[in-house]
Amino acid sequence: MKKVGWFIFVFTIGMVVASPAAFAQTQAAPAAAAGPNWTAIAAGFGMALAAFGGALGQGRVASAACEGMARNPGAGGAIRAAMILGLVFIETLALLTLVVIFSKV
């Protein structure tokens with residue numbers, strides 16, 4: 001847990017330090033000399049992160065549901081319904097990330 005706290009702390013500090021540099025440019029670069037499309041690259045990383053997080057979440061949901069059904073087979077129907085609802089919520093987050101990426105790019 002301590003490592004997660006440090007990661008969040010360092011990430012937050014990095015975002016605070018990087019934000020002034022993002023708004024420091026005053027003139028637009030000419031189209032011919034423009035570098036890579038950072039918006040598309042960032043969108044790709046964002047979708048990869050959303051897919052990775054969604055896959056981890058879906059794996060944990062399925063694991064917990066299988067364990068619950070193994071412990072109490074009589075509650076299999078209720079556990080299965082809750083599992084499907086949880087998977088729908090997780091997949092919805094990944095799809096909303098895709099929608100936001102397409103709206104920005």
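The residues of the chain are indexed from 1 along the displayed sequence. Bear in mind that the values here come from a model prediction, so they are computed numbers and not experimental data.
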Which atom pairs, one a donor and one an acceptor, fall under 3.5 Å between side chains of residues 63-71 and the rest of the protein, sequence neighbours left out?
| from | atom 1 | to | atom 2 | distance (Å) |
| --- | --- | --- | --- | --- |
| E67 | OE2 | R71 | NE | 3.4 |
| E67 | OE2 | R71 | NH2 | 3.0 |

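- Heavy atoms only, all atoms of each residue included: I101 and G46 are closest at CD1-C, 4.2 Å.
- The line from CD of E91 to CG of L96 is 10.5 Å long, rounded to the nearest 0.5 Å.
- Here the straight-line distance linking atom CG of N72 with atom CD1 of I79 works out to 6.0 Å at 0.5 Å rounding.
- The same ILVMFWY cluster, assembled from side-chain heavy atoms under 4.5 Å apart, contains both I84 and V61.
- M47 and F102 fall within the same hydrophobic cluster, defined by Ile, Leu, Val, Met, Phe, Trp and Tyr side-chain heavy atoms under 4.5 Å apart, directly or through other members.
- Both M83 and I90 are assigned to one and the same hydrophobic cluster, defined by single-linkage of ILVMFWY side chains at heavy-atom distances under 4.5 Å.
- Criterion: ILVMFWY side-chain heavy atoms under 4.5 Å apart, direct or through other members. Under it, F45 and W38 are part of a common hydrophobic cluster.
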